[in-house]
Protein chains: 2
Amino acid sequence: MRQPGDQADQAAAGRDPEAVSKFVEGFAAQLVEAGMQRMPSRVFAALLASDSGSLTSAELGEQLRVSPAAVSGAVRYLSQQHMVSREREPGSRRERYRVHSNQWYEALTNREAVLKRWESALSDGVTSLGADTPAGRRMAETLAFFEFVDEEIAAMMERWRVHREERFGQG
Amino acid sequence: MRQPGDQADQAAAGRDPEAVSKFVEGFAAQLVEAGMQRMPSRVFAALLASDSGSLTSAELGEQLRVSPAAVSGAVRYLSQQHMVSREREPGSRRERYRVHSNQWYEALTNREAVLKRWESALSDGVTSLGADTPAGRRMAETLAFFEFVDEEIAAMMERWRVHREERFGQG
DNA sequence: CGCTACTTTCAGAAACTTGTGAAGTTAAGG
DNA sequence: CCTTAACTTCACAAGTTTCTGAAAGTAGCG
């Protein structure tokens, strides 16, 4: 793949680890603040900051100074959320984890599942408190809002794909 | 408005506390799942399920079976997030907390502050890793995505206001 | 078919969060 | 001004989460 000491190697391995780490920890902190667990956040940020967009379990463990177990847990979570995909390097038992540059933010917007559950809870609320009560009406309106958002987000993502293609070409 | 004992009154005072509580806890659980703290979630859900859209500190404590301290903390958080507003009942030292039926979901969409911080972190990343590196390009694209989303969300909320007015009249 | 390089699972220690009671603060009303 | 209702702050206990090391599982390759 690559030889020790060549430029690509420097970029991948060296690349001012200081700066990389600073970004990784800073961005991860923002994700944590937004409600994501710490370790998945750090792993995700590390992948985002990697040149190839993919790292092995060992590389992640080393870079973040955590155990293989922690990497394993974080990666399981991220792939359940469709924020990374896993691939096996052919002819090795090493696994690589990858951010697909378009896949991941679609996943982030994909609060769709979350919205659906909110909608369902609200709908129950309207029924059990009564559609003709003030509280019921408030909840019905809220429900309508989320339904509206659902549709709008789908349309927005469609527009983004077009916008993106114009600006960046297909990733 | 209404007489004691009539149906609406029953709805406001009694209102099958069982059903209310079930909704409150269920909806709060969904909010928790989405990353919000437990107590703010419960307080918020309780307000949402109240007929008047507002409750006092004491009412919240009683309904949720928690201490005044817990209510105080939750309410501080919610008002920082602009998800509830506080008002003082004139001629009393009681405070009321209120969901404004349109205000609150605007606040929920108002991940704007969150997005801005992500954008700022990404922008730092592009700079420190180099706009001409693969990682830098990936981050620049991500940044572009968030900027796109910012604008789109503003437009979406504008459309919602129109849609809502048509369907519900001004709240 | 077994060795070995990797990954996953699991029990438990450490760190963090969360809610409480109690003391402290503020301001309404006499 | 003093009293007192109401809210807030704080130190701490209880509960949860998170990460680790160790053991178990899996699959390439000889």
Side-chain angles (χ1 to χ4, degrees), chain A residues 1 21 24-25 27-47 52 54-81 83-98, chain B residues 21 24-25 27-47 50 52 54-81 83-98:
Chain A
M1 294 210 133
S21 174
V24 167
E25 299 306 330
F27 193 66
Q30 296 303 330
L31 295 176
V32 168
E33 185 125 341
M36 193 159 147
Q37 294 154 354
R38 176 179 312 282
M39 194 57 65
S41 299
R42 296 179 71 207
V43 166
F44 185 75
L47 285 168
S52 64
S54 80
L55 295 169
T56 64
S57 188
E59 289 167 334
L60 283 166
E62 187 183 357
Q63 190 181 326
L64 302 175
R65 313 310 245 71
V66 295
S67 71
V71 174
S72 174
V75 150
R76 177 176 26 167
Y77 174 84
L78 289 171
S79 67
Q80 276 166 359
Q81 304 299 311
M83 291 177 70
V84 308
S85 56
R86 10 182 30 156
E87 38 191 68
R88 182 57 70 95
E89 306 192 306
S92 155
R93 43 214 95 154
R94 228 169 234 157
E95 202 122 27
R96 296 192 78 78
Y97 308 108
R98 156 163 273 125
Chain B
S21 173
V24 167
E25 297 306 329
F27 193 65
Q30 296 302 330
L31 295 177
V32 168
E33 185 125 342
M36 192 160 148
Q37 292 153 356
R38 175 180 312 283
M39 195 56 65
S41 299
R42 296 179 71 206
V43 166
F44 185 75
L47 285 169
S50 69
S52 64
S54 80
L55 294 169
T56 64
S57 189
E59 289 167 335
L60 283 166
E62 187 182 357
Q63 190 181 328
L64 301 174
R65 313 310 245 70
V66 295
S67 70
V71 173
S72 173
V75 151
R76 177 175 26 167
Y77 173 84
L78 289 170
S79 67
Q80 277 166 357
Q81 305 299 310
M83 291 177 70
V84 308
S85 55
R86 8 182 30 156
E87 38 192 69
R88 181 60 68 100
E89 304 190 307
S92 156
R93 43 211 100 153
R94 231 169 231 156
E95 202 121 28
R96 296 192 79 79
Y97 309 108
R98 156 163 274 125

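Every chain is numbered from 1, with letters handed out A, B, ... down the list of sequences.
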*Asks:* B:Gly73 near the nucleic acid: base, sugar-phosphate alone, or nothing, with a heavy-atom cut-off under 4.0 Å?
*Replies:*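 The residue B:Gly73 makes no contact with any strand.
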
*Asks:* Looking at A:Arg76, I'd like to know whether one of its side-chain N or O atoms comes within less than 4.0 Å of OP1 or OP2 on C:dT9.
*Replies:*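 Checking C:dT9 against A:Arg76, a side-chain N or O does come within under 4.0 Å of OP1 or OP2.
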
*Asks:* B:Leu64 has an atom CG; how far is it from atom P of C:dT18, in whole Å?
*Replies:* 16 Å

*Asks:* Measure from CZ on B:Arg94 to C1' on D:dC7 and round the result to the nearest Å.
*Replies:*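 These atoms are roughly 12 Å apart.
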
*Asks:* Starting at CD of A:Glu95 and ending at P of D:dA27, how long is that distance when rounded to a whole Å?
*Replies:* 10 Å

*Asks:* Using the side chain to side chain donor-acceptor pair (under 3.5 Å) criterion, which residues pair with A:Ser67? Sequence neighbours excluded.
*Replies:* none

*Asks:* For B:Arg65, does the CZ atom sit with more than 12 other heavy atoms under 6.0 Å from it, leaving out its own atoms?
*Replies:*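 Atom CZ in B:Arg65 is not packed in, count stays at 12 or less.
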
*Asks:* In this structure, which one of A:Ser85, A:Ser57, A:Ser52 forms a side chain to side chain contact (heavy atoms under 4.5 Å, CB included) with A:Arg96?
*Replies:* A:Ser52

*Asks:* To the nearest Å, how far apart are A:Arg88 CZ and C:dT8 C1'?
*Replies:* 12 Å

*Asks:* Nearest-Å distance, CD (A:Glu87) to P (C:dT7)?
*Replies:*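 Atom CD in A:Glu87 sits about 13 Å away from atom P in C:dT7.
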
*Asks:* If you count the non-hydrogen atoms of other residues, nucleotides and ligands that lie under 6.0 Å from CD in A:Glu62, is the total more than 12?
*Replies:*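 Atom CD in A:Glu62 is not packed in, count stays at 12 or less.
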
*Asks:* Return no unless some side-chain N or O of A:Arg86 is found under 4.0 Å from OP1 or OP2 of C:dT8.
*Replies:* yes

*Asks:* In whole angstroms, how far is the C1' atom of C:dA27 from the CD atom of B:Glu89?
*Replies:* 15 Å

*Asks:* Please report, rounded to the nearest Å, how far the P atom of C:dT8 is from the CD atom of A:Gln80.
*Replies:* 12 Å

*Asks:* Donor-acceptor pairs are to be reported for all side-chain atoms of residues 32-45 of chain A against protein atoms at under 3.5 Å, with residues two or more places apart or in another chain.
*Replies:*
| residue | atom | partner | partner atom | Å |
| --- | --- | --- | --- | --- |
| A:Ser41 | OG | A:Gln37 | O | 2.6 |
| A:Arg42 | NE | A:Glu25 | OE1 | 3.2 |
| A:Arg42 | NE | A:Glu25 | OE2 | 3.3 |
| A:Arg42 | NH2 | A:Glu25 | OE2 | 3.1 |
| A:Arg42 | NH2 | A:Leu64 | O | 3.0 |

*Asks:* Under 4.0 Å: is that the gap between some side-chain N or O of B:Arg93 and OP1 or OP2 of C:dA27?
*Replies:* no

*Asks:* What nitrogen or oxygen pairs link the protein and nucleotides 10-20 of chain D at under 3.5 Å?
*Replies:*
| residue | atom | partner | partner atom | Å |
| --- | --- | --- | --- | --- |
| D:dT20 | OP2 | A:Ser67 | N | 2.9 |
| D:dT20 | OP2 | A:Ser67 | OG | 2.9 |

*Asks:* Go through the steps to decide whether B:Val24 and B:Gln63 satisfy the test side chain to side chain contact (heavy atoms under 4.5 Å, CB included), and finish with yes or no.
*Replies:* CA-CA 10 Å; B:Val24 167; B:Gln63 190 181 328; 4.1 Å; yes

*Asks:* I'd like to know if the side chain of A:Ser72 and the backbone of A:Pro68 have a donor-acceptor N/O pair within less than 3.5 Å.
*Replies:*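 No, A:Ser72 side chain to A:Pro68 backbone: no donor-acceptor pair under 3.5 Å.
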
*Asks:* Specify the separation, in whole Å, of atom CG of B:Leu78 and atom P of D:dC7.
*Replies:*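 Rounded to whole Å, this separation is 16 Å.
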
